[in-house]
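Here is the structure we will look at.
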2 protein chains.
Amino acid sequence: MAAHDTPPHAPAMPKRPARALLLEAASRLFYAHGMGATGIDTITAEAGVAKKSLYNNFASKAELVGAYLEARHQEWLGLYRRRVAGARTPYDRVLAVFDAYADHANVAYQHGFRGCGLLNAAAELPAGAPGRVAVRKHKEEVEELLAGHVAELLPGEDERAAGLARHLAFLLEGAMTRAGLEGNDQCLKDGRVIAGRLLAEL
Amino acid sequence: MAAHDTPPHAPAMPKRPARALLLEAASRLFYAHGMGATGIDTITAEAGVAKKSLYNNFASKAELVGAYLEARHQEWLGLYRRRVAGARTPYDRVLAVFDAYADHANVAYQHGFRGCGLLNAAAELPAGAPGRVAVRKHKEEVEELLAGHVAELLPGEDERAAGLARHLAFLLEGAMTRAGLEGNDQCLKDGRVIAGRLLAEL
DNA sequence: GCCCATAGGTAGACTGGTCTAACTACCACC
DNA sequence: GGTGGTAGTTAGACCAGTCTACCTATGGGC
C-alpha cells in the first residue's frame, strides 16, 4: 500500500470545530427541508464531518434540533438588538422589531425563503414537545419586547398598551407567515407599513 | 368446514365507504402528528381498512395529502358560509371570517388544538410543492373574502379597503398561529376583539 | 326466484430503501 | 501518548408501495 506519503485528504483546511460546522449544516437543512425529512447522514455529509463527530457533540438528533432552535432565537435577538440600538424614538423601536424579522428573512435565508424557521419547526413537533415550548417562549418574548416599546409611547395607559402590543404581535406574526407562503418579503414590508400607520394614529 | 353460519368478522357494520374512512383517519393523524410522521400502516389501522383499499382509492400518499388539504379548505368554507349567512351588517360579515376560524379551531380540533392545519401542512412541505401552493391559495381566498366585506364598509375607497383587508388578514393569521402555539383559542378571541375595535374606528 | 360474474373489500407477506444509533479501527497533531 | 478527528459497518426499526389470496355483497340475465 505504501500509504504514509501524501495523505489524500488533509489539504490545509481551516479546521473549524465540528460542532459549529454541524450546527450550521443542520440549520440550513432543517430550515430548507424540515427536521423530520433531514437525516443524520445528510447533515454530516453537508458539514463535511464524520458521523461519530455528531454524536461526540450532541447526544442525539433531538439535542441537535434543540440547539438549532436556540441558535435561531439567539440569532434573531442579535438582529433585534442591533436594530433597536439604531432607533432613536419609541416609535422607531417598535418598528425595529418588524425590521429584525425582515433581517431574519433576508439575511439568513436569502435563498429559498420559507417563513419563520421557529414556527415551521413548531408545526412539525407534537403538542407538548420541548421544542414547541421553546418556540412559544420566543414568540412571547417578542410580544414582551413590543410591549415595552409601546409602553413608552403610551405612558400610564397599561391596558391599552398591552392590547396594542398584542395587536402588533399578531400583525407581525401573520405578515411573517404569509411572507413565507408567498416566498418573498412583500408581506413583511406591508406589515411594517400597516404597523407604522397604526402607531401614527396614536 | 360448515362455514356458512356466523362468519367471524361481519358484525353488522354500517359499511361506510373505505375512501371516507381513510380520509377521516388521515385527517386526524396528519393534523395531530404531521404528515411526514404518519405512516401508511398507521392510517390504514386507524381507519380499520386494508392497505390495498388505500391504494384502490388514492394513487399515492401524496394524493391522500392533497385530498386532506382540499377537505380542510372545503370544511372551512362551509363554516364561513354558515357564519356569513347569519351576519346582518358588513361589520358582522368581516367578523364572520374571524368566527369561522374560531369554529375551525373549536369544533374540528377540540382535542389537542395545534393551530391551522393547512399552515402546519405547508410548513412541512418543500418550497415549490403543490400542497404549499394550495395553502397559499386558501389564504389568498380568505383575504379576498375579507376584502369584499371591507369594501362594503368603505365604498369608493378601494385602496384603503385593500389595505385594511390585508391588515385584518395578517391579524387573523397571527392570532391563529399564536393560538396554535398556546394550545387554546384565547388568541383568536383577542384577535376578534382587536379586529372589532379596528372596524369601530372607521 | 336463482345463479353467478364482478367490483370492491380484507389480511398480510414482501421488496427495496432510509432512518437513528451504535460500533470498530485508523490517523494526525499537540 | 492521548484527544479528537476520520471512514466505514452493523443492527433494528420503519417507510411507501406491490402483490397474492381469499372473502362478500350486489345486481342483471335467465
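Reminder, nothing fancy here: chain letters follow the sequence lines and each chain counts from 1.
The NZ-P distance, from A:Lys52 to C:dC27, rounds to 16 Å in whole Å. Put simply, OH on B:Tyr55 is 5 Å from C1' on D:dG17, counting in whole angstrom units. With rounding to whole Å, B:Leu54 atom CG is found 14 Å from D:dC15 atom P. Following rounding to the nearest Å, B:Ile43 (CD1) and D:dC14 (P) show an atom-to-atom distance of 16 Å. At whole-Å resolution of the value, NE2 in A:His33 and C1' in C:dT18 are 16 Å apart. Atoms CG (A:Asn56) and P (C:dC23) sit 12 Å apart, rounded to a whole Å. Residue A:Asp41 contributes atom CG, which lies 13 Å from atom P of D:dT9 at whole-angstrom precision. At whole-Å resolution of the value, NZ in B:Lys51 and P in D:dC15 are 10 Å apart.
Here A:Thr38 lies in heavy-atom contact (under 4.0 Å) with sugar-phosphate atoms only. Counting non-hydrogen atoms under 4.0 angstrom, B:Gly48 reaches the backbone sugars and phosphates but no base.
Residues satisfying the side chain to side chain contact (heavy atoms under 4.5 Å, CB included) test with A:Ala37, not counting sequence neighbours, are none. With sequence neighbours excluded, the residues satisfying salt bridge (charged side-chain N to carboxylate O under 4.0 Å, His left out) with B:Arg28 are B:Glu46.
The side chain of A:Asn57 has D:dG5 as its nearest neighbour among C:dA11, C:dG9, D:dG5. Set against D:dA16, C:dT20, C:dT10, the side chain of A:Ile40 has C:dT20 as its closest nucleotide.
Pairs of residues two or more places apart, or lying in two chains, that qualify as ring-ring contact (aromatic ring centres under 6.0 Å, His included) and include a residue from residues 132-153 of chain A are A:His73-A:His138, A:Trp76-A:His138. Identified under the side chain to side chain donor-acceptor pair (under 3.5 Å) test for residues 192-202 of chain A, with sequence neighbours left out: A:Asp99-A:Arg192.
Near DNA chain D, meaning a heavy atom under 4.0 Å away, the residues from residues 58-66 of chain B are B:Ser60, B:Lys61.
Few gaps surround CD on A:Gln74; more than 12 heavy atoms of other groups in view lie less than 6.0 Å from it.
Using a 4.0 Å cut-off between a side-chain N of Lys or Arg and a carboxylate O of Asp or Glu, B:Arg178 and A:Glu140 do not qualify as a salt bridge.
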Could you go through residues 123-131 of chain B and list every donor-acceptor pair under 3.5 Å that involves a side-chain atom there, pairing it with any protein atom two or more places apart or in another chain?
unit_1   : atom_1 : unit_2  : atom_2 : d
B:Glu124 : OE1    : B:Met35 : N      : 2.8
B:Glu124 : OE2    : B:Met35 : N      : 3.4
B:Glu124 : OE2    : B:Gly36 : N      : 2.8

